[in-house]
Amino acid sequence: MAMTKKRIIQKIAFSAFGAVSFIVVAVLFIILGFIAFKGAGVISWEFLTAMPEQGMTQGGILPAIIGTACLMVGSMIFAFPVGVLSGIYINEYLKDSFFKRFVRMMTDNLAGIPSIVFGLFGMALFVNYLDFGDSIIAGSLTLGLLVLPVVIRTTEEALKSVDDSLRVGSLALGATKLQTIQRVVLPVAFPNIITGLILSIGRVSGETAPILFTVAAYFLPRLPNSIFDQVMALPYHLYVLTTSGTNIEESRPMAYGTALVLILIVLLINVMASTLRKYLGKKVKMN
Amino acid sequence: MRKYRKIWEKLAESVLFSSSTVTSLTVILIIVFLWREGVGLFNSKPVDKGYVFALNQANPVNTLSAKQLKDIFNQDITNWKEVGGANDTIILLTINEIPNYFTEEEMGTDLENLPVLIDRLILENSGAIVFISENYMPQDFHGRILDVEKISLKEFTFGTEWYPTAEPVPLFGVWPLILGTLLVTLGAIVFALPLGLATAIYLAEVSSFRMRNIIKPLVELLAGIPSVVFGFFGLVVLVPLIQQVFSLDVGETALAGSIILGIMALPTIITISEDALRTTPKSLKEASLALGATRWQTMVRVTIPYARSGITTAIILGIGRAIGETMAVLMVTGNAAMIPTSFLMPVRTIPATIAAELGESPYGGLHFQALFALGIILFLFTLIINFFIELVKGRKHIKTL
């Protein structure tokens with residue numbers, strides 16, 4: 001009798017947990033579904049390739065797409081080499097020491113700093129102190145610093161998953177440490193590092209707060225000429241259309257379209273990352 | 001050849017080393033620059049440069065705080081004795097009210113007579129207080145200049161009024177913003193914790209391998225959705241819904257912010273709690289099962305207690321994510337800088353304030369500095385959160401059994 005009671009409790013509890021998980025998944029589908037439903041009709045070739053017109057109620061979002069692409073590339077040019085090199089140093093060179101713990105702690109700290117604080121910092125350092133002005137370079141560097149901890153951590157994880165016997169074997173054959181890293185460790189870890197990189201690109205594409213005061217333009221219907229130009233960006237464009245456009249009601253369809261494009265970018269990046277992961281049969285922590 | 005190789009190795013190592021210092025340098029630079037831009041606030045008087053408050057010579061009041069000045073100019077204080085002066089009615093004069101006191105003829109076409117008129121007004125009225133540009137100060141002034149108190153840290157932190165652009169004196173009281181941030185965060189965690197934990201337990205303990213392979217990527221996808229999209233969804237769906245359900249005048253409330261932030265904190269809580277639950281050694285679980293406990297009992301008495309520190313970390317990180325979130329909150333909470341008393345009121349958080357106001361505050365001005373000071377407060381919040389995480393990590397979780 002007691003046994004059955006326990007079993008019933010277990011059954012109820014487990015079903016409840018299952019139900020809650022489905023609620024969480026349902027929330028995701030409601031959000032995605034709603035935006036896909038409202039935005040699908042807006043997206044067209046013209047929407048993706050034209051300049052915004054009529055106070056951003058007509059036309060397209062080309063400059064915002066190009067702007068976000070610039071920021072994605074720009075931030076990665078900075079964050080990828082620095083992050084990967086840093087991850088290699090932490091995992092391959094540093095012994096368990098105070099310095100290693102310190103570097104880890106600082107990386108964790110940097111990862112925990114809110115994105116709006118990065119915005120303040122980017123404005124103070126890049127825009128004003130270094131006098132880059134509101135520019136692609138200022139925004140890219142700010143975003144690059146923001147995702148740096150992600151790149152470092154995924155590199156570290158990827159290197160950790162490389163079997164030590166490979167390193168020892170290489171060293172035993174007379175290779176130097178650097179040669180071992182270059183020819184043995186990195187090729188094995190490379191796919192996982194790339195997965196981490198793709199995920200951090202996704203993060204860059206959606207961040208708004210760090211670019212508010214470092215690069216994002218409210219309305220700029222032309223394409224950038226240099227890295228010192230301001231650009232529009234998709235997430236900021238969505239924010240503008242939703243809250244401070246010239247005609248919020250009439251620009252609503254444009255907002256749905258922009259939101260859908262943002263979501264499609266994130267989806268594409270996630271699919272790319274998980275395909276790569278599946279293809280390589282390895283696991284990289286997403287975060 | 002050998003030598004060349006050695007130099008190359010050393011060179012590579014130093015490049016790697018310098019890269020590894022970038023994060024530490026960035027954290028230090030963030031502190032330096034927030035400090036540099038923000039700290040000036042506490043050394044300043046909350047009066048626009050080039051403006052003064054002029055008083056009658058006989059007025060015994062020497063200094064006033066920003067709050068007192070604001071009350072005086074809002075006519076909430078009408079007698080000097082309320083601010084420690086003589087029993088004398090306060091007579092206000094600001095630039096806007098000049099036409100009420102003097103005619104255009106009196107002032108002259110280029111306002112060249114204004115200084116003399118003001119001097120006379122102050123001389124004749126013992127209760128006068130005049131807010132005026134230094135350009136119009138009389139050459140031969142018969143009154144006194146009021147000293148305005150500097151903005152104190154206490155006034156900044158615990159001041160209850162945030163009017164950064166008010167005339168004649170701005171007020172920088174951050175307390176409502178701090179409370180707003182904490183309230184929205186609290187709501188988010190109350191909302192996200194049960195959902196997140198239940199999902200984590202389901203994924204770690206209950207679900208089949210196939211089910212987990214479906215749900216897990218979806219949770220990760222949820223983590224990847226940009227905050228501005230959450231904000232947009234909240235604004236077009238959740239806000240009108242809340243407005244209708246609770247029949248409110250505006251749907252932009254702390255509740256809307258909490259729900260959206262809760263959804264955004266879910267992936268963090270789920271992923272980290274699940275990892276923590278999975279670290280429980282199999283031997284412990286099997287021992288429990290062998291003793292006749294059901295899976296449910298094993299979970300409640302063994303797995304969850306073992307994973308307690310990991311789950312705590314998940315909660316703290318979730319809080320961290322919620323405190324610093326900017327765009328979604330900015331879009332759905334209504335941004336009224338009042339001390340919140342209920343979840344159905346508009347609130348304003350610290351990150352939202354920075355995002356909304358920095359673009360409009362003149363570079364280097366008091367308002368600009370105050371927003372950087374808000375950044376310092378946010379930074380301190382994250383330091384506290386990191387400190388707690390280190391604290392939890394440091395505890396041996398086996399002891400909690």
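Sequence lines set the chain letters: A, B, ... in the order given, protein chains first and strands last, and positions in each chain run from 1. What you see below is based on every heavy atom in this structure, not just the backbone, and it leaves out hydrogens, waters and symmetry mates. It should be emphasised that the depicted structure is a prediction, and the values quoted were computed from it without experimental measurement.
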Q: Is the shortest heavy-atom distance from the side chain of Glu205(B) to the side chain of Phe14(A) under 4.5 Å?
A: no

Q: Give, as side chain, backbone, both or neither, the part of Leu32(A) having an atom under 4.5 angstrom from any heavy atom of chain B.
A: side chain

Q: If you count heavy-atom pairs within less than 4.5 Å of chain A, which of Ile350(B), Ile376(B), Ile270(B), Val206(B) leads?
A: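 Between Ile350(B), Ile376(B), Ile270(B), Val206(B), the count favours Val206(B).
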
Q: Given that the side chain runs from C-beta out, which part of Val237(B) has a heavy atom under 4.5 Å from chain A: side chain, backbone, both or neither?
A: side chain

Q: When you look at Val236(B) and Tyr256(A), which way does the side-chain contact (heavy atoms from CB on, under 4.5 Å) test go after all the steps?
A: CA-CA 10 Å; Val236(B) 292; Tyr256(A) 283 117; 3.8 Å; yes

Q: Name the option with the most non-hydrogen atom pairs under 4.5 Å to chain A; the candidates are Pro267(B), Pro351(B), Ser24(B).
A: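 With the most close heavy-atom pairs to chain A, the winner is Ser24(B).
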
Q: Any chance you could measure Leu28(A), atom CG, to Ile225(B), atom CD1, to the nearest 0.5 Å?
A: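 Those atoms lie 5.0 Å apart.
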
Q: Of the backbone (N, CA, C, O) and the side chain (C-beta and beyond), which part of Ala255(A) lies under 4.5 Å from a heavy atom of chain B, both, or neither?
A: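 Ala255(A) touches chain B through backbone and side-chain heavy atoms alike.
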
Q: Against chain B, work out which of Ser86(A), Ala16(A), Pro114(A) has the most heavy-atom pairs shorter than 4.5 Å and name it.
A: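 Ranked by contacts with chain B, first place is Ser86(A).
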
Q: Heavy-atom count around Phe388(B) CZ within 6.0 Å, excluding the residue itself: above 12?
A: no

Q: How far apart are the closest heavy atoms of Ala259(A) and Val229(B), and which atoms are they?
A: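 For Ala259(A) and Val229(B), the tightest heavy-atom pair comes out as O-CG2, 4.3 Å.
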
Q: Taking only residues two or more places apart in sequence, or in another chain, which ones meet Phe22(A) in a ring-ring contact (aromatic ring centres under 6.0 Å, His included)?
A: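 So Phe22(A) forms no ring-ring contact (aromatic ring centres under 6.0 Å, His included) with any residue.
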
Q: For the atom pair CD1 (Ile88(A)) and CZ (Phe17(B)), what is the distance rounded to the nearest 0.5 Å?
A: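 Going from the CD1 atom of Ile88(A) to the CZ atom of Phe17(B) covers 16.0 Å.
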
Q: Which class fits the ring pair Trp296(B) and Phe17(A): parallel under 30°, tilted 30 to 60°, perpendicular over 60°?
A: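 Tilted, since the angle between the ring planes falls between 30° and 60°.
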
Q: Among Thr107(A), Leu148(A), Ile265(A), Thr258(A), who wins on heavy-atom pairs under 4.5 Å with chain B?
A: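 Going by pairs under 4.5 Å, I would pick Thr107(A).
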
Q: Which answer fits Arg321(B), side chain, backbone, both or neither, if we ask what part of it has an atom under 4.5 Å from a heavy atom of chain A?
A: neither

Q: Check each of Phe126(A), Tyr129(A), Phe118(A) against Phe33(B) using the ring-ring contact (aromatic ring centres under 6.0 Å, His included) test, and report the only one that passes.
A: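 The ring-ring contact (aromatic ring centres under 6.0 Å, His included) with Phe33(B) is passed solely by Tyr129(A) among Phe126(A), Tyr129(A), Phe118(A).
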
Q: Please determine, among Ser227(B), Gly320(B), Ala352(B), Pro226(B), the option with the most heavy-atom pairs under 4.5 Å with chain A.
A: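 Between Ser227(B), Gly320(B), Ala352(B), Pro226(B), the count favours Pro226(B).
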
Q: Can you name the nearest heavy-atom pair linking Val82(A) to Ser19(B), along with the distance?
A: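 Shortest heavy-atom contact: O-CB, 3.6 Å.
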
Q: Chain B heavy atoms under 4.5 Å from Ile263(A): which part of the residue, side chain, backbone, both or neither?
A: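 Side chain only.
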
Q: Non-hydrogen atoms of chain B under 4.5 Å away: do they reach the side chain of Ile35(A), the backbone, both or neither?
A: side chain

Q: With the side chain counted from C-beta on, respond yes when Leu330(B) and Tyr239(A) share a heavy-atom pair under 4.5 Å apart, and no when they do not.
A: yes

Q: For residues Phe29(A) and Leu218(B), report the shortest heavy-atom separation together with the two atoms involved.
A: CE1-CD1, 3.8 Å

Q: Measure Leu120(A) against the heavy atoms of chain B and call it side chain, backbone, both or neither at under 4.5 Å.
A: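 Both backbone and side chain.
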
Q: Is any side-chain heavy atom of Leu29(B) less than 4.5 Å from a side-chain heavy atom of Phe121(A)?
A: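 They are in contact (side-chain heavy atoms under 4.5 Å apart), so the answer is yes.
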
Q: To the nearest 0.5 Å, tell me how far Glu220(B) CD sits from Leu199(A) CG.
A: 8.0 Å

Q: Please determine, among Leu262(A), Leu267(A), Val24(A), Thr176(A), the option with the most heavy-atom pairs under 4.5 Å with chain B.
A: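 The option with the most such pairs is Thr176(A).
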
Q: Working note: Arg5(B) + Gln179(A), criterion side-chain contact (heavy atoms from CB on, under 4.5 Å); need CA distance, chi angles, decisive distance, verdict.
A: CA-CA 10 Å; Arg5(B) 177 96 249 154; Gln179(A) 284 171 327; 3.3 Å; yes

Q: Under 4.5 Å heavy-atom distance to chain B, tell me which part of Lys177(A) shows up: side chain, backbone, both or neither.
A: both

Q: Can you tell me which portion of Phe230(B) sits under 4.5 Å from chain A's heavy atoms? Options are side chain, backbone, both or neither.
A: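 For Phe230(B), the contact with chain A is made by the side chain alone.
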
Q: Less than 4.5 Å to any heavy atom of chain A: does that hold for the side chain of Thr326(B), its backbone, both, or neither?
A: side chain

Q: Atom OG1 of Thr23(B) and atom CE of Met105(A): how far apart are they, to the nearest 0.5 Å?
A: 10.5 Å

Q: Counting C-beta onward and ignoring hydrogens, is there a side-chain heavy-atom pair between Leu178(A) and Glu13(B) closer than 4.5 Å?
A: no

Q: Is it the case that the side chain of Gln10(A) and the backbone of Arg295(B) share a donor-acceptor pair, with hydrogens and angles ignored and the cut-off at 3.5 Å?
A: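 Between the backbone of Arg295(B) and the side chain of Gln10(A) there is a qualifying donor-acceptor contact (under 3.5 Å).
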
Q: Please find the pair of heavy atoms, one from Ala198(B) and one from Ser21(A), that lie closest to each other, and give the distance.
A: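 Taking every non-hydrogen atom into account, O-OG, 4.4 Å.
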
Q: If we only count heavy atoms from C-beta on, is the Leu358(B) to Leu212(A) side-chain gap below 4.5 Å?
A: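 No, their side chains stay 4.5 Å or more apart.
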
Q: How close do Lys6(A) and Gly292(B) get, heavy atom to heavy atom, and via which atoms?
A: NZ-O, 4.2 Å

Q: Go through the atoms of Val27(A) and report whether side chain, backbone, both or neither lie under 4.5 Å from a heavy atom of chain B.
A: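 Val27(A) touches chain B through side-chain heavy atoms alone.
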
Q: Chain B: which of Asn128(A), Ile9(A), Ile23(A) shares the most heavy-atom pairs with it under 4.5 Å?
A: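 Highest number of pairs under 4.5 Å: Asn128(A).
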
Q: How many angstroms lie between CD1 in Ile113(A) and OG1 in Thr382(B), if you round to the nearest 0.5 Å?
A: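 One finds 5.5 Å between CD1 of Ile113(A) and OG1 of Thr382(B).
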
Q: Against chain B, work out which of Ile181(A), Ile90(A), Leu125(A) has the most heavy-atom pairs shorter than 4.5 Å and name it.
A: Leu125(A)

Q: Chain A: which of Val32(B), Leu235(B), Leu266(B) shares the most heavy-atom pairs with it under 4.5 Å?
A: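 Ranked by heavy-atom pairs under 4.5 Å with chain A, first place is Leu235(B).
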
Q: Please flag which part of Glu92(A) lies under 4.5 Å from any non-hydrogen atom of chain B: side chain, backbone, both or neither.
A: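 For Glu92(A), there is no contact with chain B at all, as no heavy atom is under 4.5 Å.
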
Q: Can you say whether Ile201(B) sits under 4.5 Å from chain A via the side chain, the backbone, both, or neither, judging by heavy atoms?
A: side chain

Q: Hey, what do you get for CD1 (Ile30(A)) to CZ (Phe233(B)), rounding to the nearest 0.5 Å?
A: 6.5 Å

Q: With sequence neighbours excluded, what pairs up with Arg278(B) under the salt bridge (Lys or Arg N to Asp or Glu O under 4.0 Å) test?
A: Glu274(B)

Q: So for Glu37(B), is it side chain, backbone, both, or neither that comes closer than 4.5 Å to the heavy atoms of chain A?
A: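 For Glu37(B), the contact with chain A is made by the side chain alone.
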
Q: Counting heavy-atom pairs under 4.5 Å with chain A, which one of Leu222(B), Leu317(B), Leu374(B) comes out on top?
A: Leu222(B)

Q: Go through the atoms of Phe368(B) and report whether side chain, backbone, both or neither lie under 4.5 Å from a heavy atom of chain A.
A: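 Only the side chain of Phe368(B) comes within 4.5 Å of chain A.
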
Q: If we only count heavy atoms from C-beta on, is the Ile214(B) to Val25(A) side-chain gap below 4.5 Å?
A: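 SC-SC contact between Ile214(B) and Val25(A) ruled out.
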
